[in-house]
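Notes to accompany the following structure.
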Amino acid sequence: MTDAGRSTVGESDSDVEAAIREHHPALITYITAGDPSLADTKAYVEALDRGGADLIELGLPFSEPVAEGATIQAAINRALEAGTTPEGFFELVADLETEAPLLVMTYYNMILQYGAAPDVRPFVERAAEAGLSGIIVPDLPAEEADPLREACDDNGLDLVFIIAPTTEGERLDRIMSHVSGFAYVQARLGTTGARENVSGATHDSLARLSEYDVPKAVGFGVSEGDHAAEIIDAGADGVIVGSALVDIIAEHAPAGTETATRSDAPGDAAAALEAKAEELKRGARRGADTITDDHEKEPEPEQP
Amino acid sequence: MTDAGRSTVGESDSDVEAAIREHHPALITYITAGDPSLADTKAYVEALDRGGADLIELGLPFSEPVAEGATIQAAINRALEAGTTPEGFFELVADLETEAPLLVMTYYNMILQYGAAPDVRPFVERAAEAGLSGIIVPDLPAEEADPLREACDDNGLDLVFIIAPTTEGERLDRIMSHVSGFAYVQARLGTTGARENVSGATHDSLARLSEYDVPKAVGFGVSEGDHAAEIIDAGADGVIVGSALVDIIAEHAPAGTETATRSDAPGDAAAALEAKAEELKRGARRGADTITDDHEKEPEPEQP
Amino acid sequence: GTFGDYGGQYVPEALMPALQELEDAYERYVLENEDGFMDEFRERLRDFGGRPTPLQRADRLSERYDREIYLKREDLLHGGAHKLNNALGQVLLAKYMGKERIIAETGAGQHGTATAMAAAHLDMPCEIYMGRTDVNRQRPNVYRMRMNGADVNPVAAGSGTLKEAINETMRDWATTVERTHYVIGSVVGPHPFPKMVRDFQAVIGDETRTQIREQAGRLPDSVVACAGGGSNTMGTFHAFVPDDEVALHAVEAGGSSLEIDEDAGLAPNSATLSTGTDGVLHGAMTKLLQGTDGQIVESHSVSAGLDYAGVGPELSHLVETGRVVPATVDDEDALEGFHRLSRLEGIIPALESSHALGYLERAAGSAGETAGGQRPRDEDRGDLGDLVVVNVSGRGDKDLETVLEETEARDLEAAPDVEVFDG
Amino acid sequence: GTFGDYGGQYVPEALMPALQELEDAYERYVLENEDGFMDEFRERLRDFGGRPTPLQRADRLSERYDREIYLKREDLLHGGAHKLNNALGQVLLAKYMGKERIIAETGAGQHGTATAMAAAHLDMPCEIYMGRTDVNRQRPNVYRMRMNGADVNPVAAGSGTLKEAINETMRDWATTVERTHYVIGSVVGPHPFPKMVRDFQAVIGDETRTQIREQAGRLPDSVVACAGGGSNTMGTFHAFVPDDEVALHAVEAGGSSLEIDEDAGLAPNSATLSTGTDGVLHGAMTKLLQGTDGQIVESHSVSAGLDYAGVGPELSHLVETGRVVPATVDDEDALEGFHRLSRLEGIIPALESSHALGYLERAAGSAGETAGGQRPRDEDRGDLGDLVVVNVSGRGDKDLETVLEETEARDLEAAPDVEVFDG
């Protein structure tokens, strides 16, 4: 039930870890559930699955998304205005049949409040029942994670931790020793959001993490196939893409309104998402090929 | 040059005192010079003289008339806007030929500033030269009056002091011992301005002053013949009327404007002023007759 | 890092090292006075801030309530509220830590102006995040921050008020954490903020405790302070927490109603301690105004400075353990409190502080002015006792427009005739 | 009742007995502390007013001017300016004298608000006369007075500003003198007002003298204060007048020009000590802005609180004898002073006080920021010396709108970009 009871990654029977290892280099996609409606989300998730996503994160919207940039904040607002609730979210998940395992990404208070008075277990149990494979909580650092980690362990869910550019030294060791599913490597300081290039911090982080033998996926700012290639080339096992996909959804949302009504053209959006996923997956593969060609992937052997 | 050099009232050769004693009960009138023009003022003064005024006070306008009520404040503003200056004032006075002696009523700073740097003498000398008989300064109490009193003595002018309802005891004795021309008895606390009745304070003041054998004239609020009668009846030697006359001038001023241009109907205003003076003089006489009929006028003889 | 079940550090991983660094600095400089930090802090509070602030016997309130009422005059602190105690402490600490830049959130603008003043005083670049709505309705405070050289960044998200400004400041901090210190404005946020802000504000209660003993010869029977985030509350209470004989009353904004409208996502109050439920917001486990799903609702109070859906975790703990008694005063009674102090004592209080004064009226009753002209019966004297201290956390100049509008809309007993202002 | 050739009692006869009564009360209560008057005054100044105010070393100004600059923080007094010292003293005195009613004039509203606060605090009915123009442009101060329960009487006469308000208050007093005390707002008016107001304000200089000796170990080389009517000036200077080694600088409003336009009856300045001539206004012989005939002209300054055509007679005397050095700072340099203190020290000064700060820049020069980057030569250090005290007579919250307007119209060196405020 506590750390002692947890298996290490190498011995895991985690769907999540398996998906990354099997489909290496992996594409992990994020969209917000309920943006602009749960019905649309179903179509979008299926499109991403078709397009090659190996893991799919679904955001359960929370009113105070402090880790998100403008793009995902707006998606969350659309989803909340559409009346997205945890129960609706779980029903959607239960209804989905994707090849890629699903993870829920949400803020800690949403997990605490589900069910009776503050307790993480009802949420975790319902998540497992609905078929989710893991949970990502951007405002839950390892130090506060014991109750949720315990509940996840008990229910066979992964609890994915984020490794920031500022995560170093003893804390890094401690968190890496508890990685569940994969290490979510935050590409740069700041919030989520599509960027035009891959930051130097990404390379630094991957170098710092190279000695840990756990799956590493990089997110925050990844928006193009070329980024994916560069990141995989730099040593990652997967890339995580969110804002670039949310942008596509927003473009296809009813014009001139943030009010959440069913998308005018969910079919178009789904097609565009599928195409984007394909582009990103191709990029990731290209990065993997490059590695084989001209990079050392292994930790430097001369280091003890 | 100082108190010792001054004659007492009884032995005075004052024009002002003589005018009151000869024409008892006396009518003393006030208007503001330059309201609405100096030329109008000349016509108004002559009308008051004809109407029975025994002494005429002419206001030399000052920008901060703290002792005046709304009526005379407005008259002063009209006169200032008409460009009334001390020199213009003195020229008007020199040009007037009235039976009634003329006094100037103005604020102390106007006296100080006339001529070279602060000194009261140039003003007093010019006043004497122009033919004025006396000066009244509403913001100059006896305590600050030595320089001006000395200059007036040297130039044969009376310096009239005001006795307020609050003037009592030793200060009253001191001021009454220096009365020059007449004692200006302030009918009530407050500022100048026509009122509808004679205040009880007037009766109290006249009672308090009855033991002093000096001419006493009552001002502040006197506007009708009946007031004049009541005041003379109560023991005064004269009444002072200002705001009621200024009201007449204001009524005849160009309609809808306070801007100082020559009055449209100076003749009408002059006629109204003359009639008002006649009413007031009649009222005063009526008061004097009543006294002879049914009142004791003398100080109580049983008092030592 | 916790107070019973409350507190903690619920923040993005990227901020955790900065919180550890801050905790370390807090322990060394604040708790251990390393390099004379606390000496310098106290000296600057005195010379720049104007401490100590007076504890004033309120003659006419004492008469009205037939007991001794003392006012702690935080309205006289530089900037017009207790906020400077914390802002100056944190900016100075950031300087000791070698940080190069200050950021802060602000709602009504009081914490923003205090931070901008402190940053100017200590020569630190400063940026303030403020909701777009608040920017528009609190222009004078925006001007003051700008005059002090701070940049004001309007936040367009959501309703454009405090909650959104906090979110956006946390985003800035998550991006620039290595060289930037985030000056949180109340006893909220992740550890060590609630403890640290309390310790900077504790000067209020420390002074009060000394002053009341000098002036009244004993400790008070009760201490009353308004509570939004809770920084003036904890600052006033902290010194008295060990004194079991002193009752501590935290007065929250009752707004127009204590009911949450979950469909609209609105609580027409800010009565977190009185009506909230446990949850995590802005880095800490505490009491919150939230819907059953866990979405945070928009709070409301006539006093912008109390208008927050959370509260300091230590206050949640002290309420849970019974040491602090929560109470609510609605908009109308707060306005009455505003007018009453203005007219009776010549002190125009902040609308925040007016809630504490409104509570006084209700809990102490009026000695001579009840409807029937009767004095309150002894059994109605409530638990305030005979010697009461009320913290006047700030001055009300900033609230004049609001008070006029709200007064015109009501028939208040203590208000002057405001119609004459239209002339 | 005079200071050399200045002072006196040039008032209507009806007021003379009241002045004698006041003089008697002043001598007994203020000078001789009868019935413990001064003890109660000092206690209320402490508990209600927040005295002592700090004397603060201004770190960044000291660096800029390469000498020690200390600020006397009257901006921290209750109400936001030094005005309360006098208002509280006079209202308390009126109470000791058995008066039943308080009246006062106000221009910008600072004296009116201070008087209204003091009257509320001491439970005295209070009416404030204020020019109609000033009522309209100083609404917040009108509101504050009303909130404190005072009646505000607009005066329509003339230009509707301070001069007319004083005239009208004197008219009220002449009518109600027996039961009413007129709280004159500065060291002006008939004896004993100039002495009495100075004595109530002298607490500023008394504290400063003690504080500078404690903090700097000696008396200052110079003391700088702005001068309108002169109450903060005399209050700050009084304790130092006997110290011949301390230079006293009275900084007047230079406005936009030092020339009088006699035809228009306007002086675009309030530089009475620097450019005025002797005369009698509002009860005293003093220096005045007047035309050659003796008509008082309208003064002007960007700072409403300095905007007066007269000045305290004692200041006229001290300037005449050379003990006080008058200087002028124009609108623009005052605005620079305002922005400089706001940005460098985190203190937003009143526009009045900003004149003193503008003078500092001119007289002390800038140590590091002159055009060529050169430090001023020793012979240019002027007569300020190495240790300078500046009185910050009030805070500038009240002036924000004026400063914004005036700053937008100018290209000021020290100002923030104000265009952003339009967004």
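Keep in mind the model is a prediction, meaning the values are calculated, not measured. Here is the naming used below: chain letters follow the sequence lines, and residue numbers restart at 1 for every chain.
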E13(D) side chain vs I163(B) backbone, donor-acceptor pair below 3.5 Å: no

Main-chain N/O of R171(D) paired to T191(B) side chain as donor or acceptor, under 3.5 Å: no

Heavy-atom distance under 4.5 Å to chain B: side chain of [X], backbone, both or neither?
X	answer
Q290(D)	side chain
A157(D)	side chain
I166(D)	neither
T169(D)	neither

Which atom of V11(D) lies closest to which atom of P141(B), heavy atoms considered: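 So the minimum-distance heavy-atom pair works out to O-CD, 3.3 Å.
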
For G190(B) against T175(D), the heavy-atom pair lying closest together: CA-OG1, 3.0 Å

Partner chain B: residue of G265(D), G8(D), A174(D) with the largest heavy-atom pair count (under 4.5 Å): A174(D)

Chain B contacts, top residue of L281(D), V280(D), V297(D) (heavy-atom pairs, under 4.5 Å): V280(D)

Quick check for you: to the nearest 0.5 Å, what is the distance between [X] atom [atom1] and [Y] atom [atom2]?
X	Y	atom1	atom2	answer
D293(D)	L80(B)	CG	CG	9.5 Å
D278(D)	D119(B)	CG	CG	12.0 Å
E64(B)	Q295(D)	CD	CD	8.5 Å
M16(D)	T167(B)	CE	OG1	9.5 Å
Q113(B)	L288(D)	CD	CG	7.0 Å
M285(D)	L112(B)	CE	CG	5.0 Å

More than 12 heavy atoms from other groups under 6.0 Å of CD on E259(D): no

Flag if over 12 foreign heavy atoms under 6.0 Å of CG, D24(D): yes

Let's test your reading of the structure: which of [options] forms the most heavy-atom pairs below 4.5 Å with chain D?
options	value
P86(B), A67(B), P165(B)	P86(B)
A164(B), G169(B), A145(B), A142(B)	A164(B)
P138(B), A70(B), G69(B)	P138(B)

Are [X] and [Y] packed together at the side-chain level, in the sense that at least one heavy-atom pair is separated by less than 4.5 angstrom?
X	Y	result
P17(D)	E168(B)	no
Q73(B)	E168(D)	yes
Q20(D)	E143(B)	yes

Let me know if [X] has heavy atoms under 4.5 Å from chain D in its side chain, its backbone, both or neither.
X	result
P118(B)	side chain
P61(B)	backbone
Y108(B)	side chain
I111(B)	neither
E68(B)	backbone

Qualifying residues under ring pair (Phe, Tyr, Trp, His ring centres under 6.0 Å), relative to F161(B), sequence neighbours excluded: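 If we apply the ring pair (Phe, Tyr, Trp, His ring centres under 6.0 Å) test to F161(B), skipping adjacent residues, there are no hits.
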
For residues 304-311 of chain D, dump all side-chain donor-acceptor pairs below 3.5 Å to protein atoms at least two apart in sequence or in another chain.
from, atom 1, to, atom 2, distance (Å)
D307(D), OD1, S299(D), OG, 2.6
D307(D), OD1, H300(D), N, 3.2
Y308(D), OH, H282(D), ND1, 2.8

